[in-house]
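Just below is one structure, and these are the notes that go with it.
Since the model is a prediction, treat every value here as computed from it, not as a measurement. Below, read A as the first sequence line, B as the second, and so on, with proteins coming before strands; counting in each chain starts at 1.
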Amino acid sequence: MAAMSLLEPNHPPPPHYYAQRVLDLLAGVTRQYSDLLPATEQSVIAAVRAVSPNAQRLFSRLWTRTGPTFRLDSLHYAEVGDVGAAVTELEGARLVRVNDGCPADTILARLTVSELRGLFPRITERRKRGLVDAICAMYPEQLVLARVADAHPFITIVSPAALDRLQLLYFGGPERDLSTFVLEDLGVLRFEPYRLDPARRQFDTYEDFARFAAFRSFGTWLHELAARWDVTLAQYVIEALWAPNTKRILERRRVRLLNRLGRQAERVRDFDTALTAYRRAARAPARERVIRILTRLGDADGARRGLDQILAAPQVATERLFADGFGRRRPALAEDRLVLAAAPCENVEAATLAALIDHETIGRHLENRLSLGVLGLAFWDVVFASVPGAFVNPYQDRPLDLYWPDFRGVRCNAIQSRLAMLTDQAGLRRQVSWTWRNRYGVSNALVAWAAFDEPFLERLLREVPASHWCLVFDHMLNDLGQSRTGFPDLILLRRGGYELIEVKGPGDQLRMEQRAWFEFFRRHQLPARVLRVSW
DNA sequence: TGTAGCGGGG
DNA sequence: TTCACACACTCCT
DNA sequence: GAGTGTGTGTCTCCCCGCTACAAG
Ligand SMILES: [Mn+2]
Ligand SMILES: [Mn+2]
């Protein structure tokens, strides 16, 4: 429940606000996970609870800021009466270290260029990065820390990694952090009040959580690998991701990481590593990538065998379409043509839309936001229906299995009965407008609220027959992971009709996901076409 | 001196 | 900092 | 026509002030 009155933009929060939120977080983690917390986390929790409110307040501020090191002169908070006393207390509780605890470059980065010049006048680099590097290279670390401490005393959080893990446990994912509290209390973020099963928790064992946390750091390593390829590191990651996980959330993340790693390896032409990564991943698009690599390497037989395997049992539609057409010439999809009067000044889609609308035709460039959004509005309560294990904390914008292939199977009755309610326009309108009125602004992975407004939604439901919407919903619900991409760029609405249009500029072509959608449109005779635009 | 980008804040 | 998309390029026929 | 590499938009809020950095 969002207490709107708790915070207002640009008005100071209640004095104990941040501290209380941190204590709430710690209480939540303790309640759910006290049995599997490692010693570091336990001692952090105990220490924070033990210090005075004044120290709790300062520590909570530190936690929400980007650390782990802070200059004392950057700490002024109305609710912290005596910063010096708070710091001393936190130091005594081993939550922070004073004038120590970080590498030289970390504290140097907190100084301005002119401060750096003042303290280290012999270094003459121009840019800050170079300045810091040069100082680190020239002076021993202890000297740097001491000299900075003298002019600008600072503190460092002792266990930032433990704080990170506590946050991760509480919010269940790296995308939410303490700022979620503020945003929710401001009313910026709102979450569906779905039912949580207290007996279910996201991580059953410490190993589960450790893997989850490890996967997150692999993600950042992968990002570094993109900048600078390192075979040893890449192979280490593959090694660590070698065995499939029994937990599905972990397994999906594992596959994603391996596929990303394969892609990076391909980019630097390390085909051995790429093949290994893809073969361990084994899930789409891994087999397709393997075939492309084998073809590049001249192993036509291996590629052929791979293609046969895909054709025998395609994992996803795009994979089937790929294997279908690979090496052969695909029959070109019929395209219409449009010549614009002038070169588009923004994107081609907007220019095309402008050329196509007139006094009786309106349209939007929405792509997947259209199909996903209307689906989300029509199936709101089905998406948030209480399914065992789907919701594990109050800050989710989707059930954990939204994009899993068996999303529908798990909810098959609810989905069937909802589809039956939507077959006529009145039923569809009833659901959609109920959601619009009662849930507007609530976070939902399917619904981009800003993309819609009431009049447009109204016409959307009037001009597109409910039977067509149902065909689309039915198709999407079979596997949202697949159908969430590739929807055509534009929808045009006119009295008694509509049209979906995929805009293609010169030299742009249908992607595999878009092909899959057009296959569906053709099968059900929905009005969709590809428009080749030139100028 | 102008400005884009970032960190801090509610 | 992700992800889907558009677009520019190459090689081939 | 097909495949590949790479740039781009958006980032789920919006405001403020400061700073790095480069241009004048
Ligand atoms: Mn598009
Ligand atoms: Mn397009």
Side-chain angles (χ1 to χ4, degrees), chain A residues 4-14 17-18 21 61-62 64-67 70 74-78 109-117 125-132 174-176 178-191 216 219-220 222-224 226 256 259-260 263-264 266-269 288-289 291-293 295-296 318 322 325-333 335 344 346-350 365 367-369 372 395 397 403 441-451 484-489 502-514 533:
Chain A
M4 296 277 279
S5 54
L6 198 46
L7 289 184
E8 276 181 72
N10 305 319
H11 287 278
Y17 173 79
Y18 286 99
R21 285 316 210 169
R61 289 290 193 159
L62 299 181
T64 65
R65 285 176 53 174
T66 47
F70 309 89
S74 76
L75 309 176
H76 11 251
Y77 297 106
R110 309 301 300 223
L111 306 192
T112 67
V113 169
S114 60
E115 285 166 339
L116 288 170
R117 294 228 169 84
E125 294 283 333
R126 315 176 121 217
R127 298 188 334 133
K128 183 170 183 176
R129 185 67 245 170
L131 203 49
V132 169
E175 57 284 336
R176 307 241 84 97
L178 279 170
S179 73
T180 306
F181 288 136
V182 177
L183 262 20
E184 192 190 16
D185 290 330
L186 281 167
V188 170
L189 285 181
R190 292 161 60 207
F191 297 94
R216 199 176 45 143
T220 55
L222 251 56
H223 196 248
E224 287 164 24
R256 267 226 306 270
N259 278 328
R260 264 176 67 194
R263 214 51 113 111
Q264 316 259 26
E266 263 191 276
R267 189 165 303 169
V268 295
R269 309 208 148 59
E288 173 185 338
R289 299 315 309 170
I291 289 165
R292 290 188 194 280
I293 293 175
T295 306
R296 265 176 102 166
T318 49
F322 159 76
F326 188 74
R328 286 183 288 129
R329 187 152 295 196
R330 275 179 262 263
L333 219 73
E335 291 178 349
E346 352 69 77
N347 53 43
V348 200
E349 293 86 353
H365 174 210
E367 299 182 339
N368 305 298
R369 284 174 301 169
L372 292 170
Y395 304 99
D397 63 0
Y403 297 127
V442 176
S443 299
N444 181 322
L446 299 175
V447 184
W449 292 105
R484 82 175 141 152
T485 68
F487 204 81
D489 293 312
E502 172 54 39
V503 176
K504 285 297 165 201
D508 179 19
Q509 56 201 324
L510 275 191
R511 310 168 58 78
M512 220 58 85
E513 303 86 351
Q514 295 171 330
V533 178

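- Rounding to whole angstrom units, CG of residue A:Leu111 and P of D:dC18 are separated by 18 Å.
- For the pair A:Arg263 and A:Arg260, the minimum side-chain heavy-atom distance is 4.5 Å or more.
- Summarising the geometry, the separation between CD1 on A:Ile291 and P on D:dG3 is reported as 12 Å, rounded to the nearest angstrom.
- Along DNA chain D, the nucleotide nearest to A:Ser114 and the one nearest to A:Ile293 differ in position, and the one closer to the 5' end is contacted by A:Ile293.
- Annotation: side chain of A:Val503 is not in contact with side chain of A:His365 (no heavy-atom distance under 4.5 Å).
- Atom CZ in A:Arg269 sits about 6 Å away from atom P in D:dG5, given to the nearest Å.
- The side-chain heavy atoms of A:Arg484 and A:Asn368, taken from C-beta on, include no pair separated by under 4.5 Å.
- Every residue two or more places apart in sequence or in another chain was checked for a ring-ring contact (aromatic ring centres under 6.0 Å, His included) with A:Phe70, and none qualifies.
- As rounded to whole Å, 5 Å separates atom P of C:dC5 from atom CG of A:Asn368.
- Two residues are said to be in side-chain contact when any heavy atoms from C-beta on lie closer than 4.5 Å; A:Phe326 and A:Glu288 fail this criterion.
- Atom-to-atom, CD of A:Gln509 to C1' of C:dC7 comes out at 10 Å; the value is rounded to the nearest Å.
- Residues satisfying the ring-ring contact (aromatic ring centres under 6.0 Å, His included) test with A:Phe487, not counting sequence neighbours, are A:Trp517, A:Phe521.
- A heavy-atom distance below 4.5 Å is not found between the side chains of A:Glu335 and A:Leu510.
- For A:Lys504 and C:dA8, the NZ to C1' distance is 14 Å, given to the nearest whole Å.
- Scanning both residues, A:Gln509 and A:Lys504, for their nearest heavy atoms gives O-NZ, 3.2 Å.
- Nearest heavy atom pair, residue A:Pro13 against residue A:Arg61, reads CG-NH2, 4.5 Å.
- Residue contacts for A:Arg260: at a heavy-atom cut-off of 4.0 Å it reaches the sugar-phosphate backbone alone, with no base atom in range.
- Residue-level contact check: A:Glu115 touches neither bases nor backbone, having no heavy atom under 4.0 Å from any strand.
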Just the atom pairs and distances: protein N or O near nucleotides 10-12 of chain D's N or O, under 3.5 Å.
from, atom 1, to, atom 2, distance (Å)
D:dT12, O4, A:Asp397, OD2, 2.7

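- Residue A:Glu175 is out of contact with every strand shown, counting any heavy-atom pair closer than 4.0 Å.
- Shortest non-hydrogen contact noted between A:Met512 and A:Thr318 is CG-O, 3.5 Å.
- For the residue pair A:Arg65 and A:Ser74, a side-chain donor N or O sits within less than 3.5 Å of a side-chain acceptor on the partner.
- Among the atoms of the strands shown, none is found under 4.0 Å from any heavy atom of A:Glu288.
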B/S/- along nucleotides 3-10 of chain B (protein heavy atoms under 4.0 Å) is ----SSSB
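- Taking atom CG of A:Asp489 as the reference point, atom P of D:dG9 lies 16 Å away to the nearest angstrom.
- The side chain of A:Arg267 contributes no N or O atom lying less than 4.0 Å from OP1 or OP2 of D:dG5.
- A 4.5 Å side-chain heavy-atom check between A:His11 and A:Leu7 finds every atom pair outside the cut-off.
- For the pair A:Thr64/A:Phe181, no side-chain contact is recorded, criterion being any heavy-atom separation below 4.5 Å from C-beta on.
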Dot-bracket for DNA chain D, please. Rules: Watson-Crick or G-U, both distances under 3.5 Å, ( ) within the strand, [ ] when a pair crosses earlier ones, | for another strand, . otherwise.
|||||||||...||||||||||..
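- The CZ-C1' distance, from A:Arg296 to D:dT4, rounds to 8 Å in whole Å.
- Across all strands, A:Gly219 comes closer than 4.0 Å to no nucleic acid atom at all (heavy-atom distances).
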Kindly give the atom pairs (protein nitrogen or oxygen, nucleotide nitrogen or oxygen) under 3.5 Å for nucleotides 22-24 of chain D.
none

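- Side-chain contact between A:Glu502 and A:Arg511 is absent, with no heavy atoms from C-beta onward closer than 4.5 Å.
- Scanning all heavy atoms of the two residues, the minimum distance from A:Phe191 to A:Val442 falls at C-CG1, 3.7 Å.
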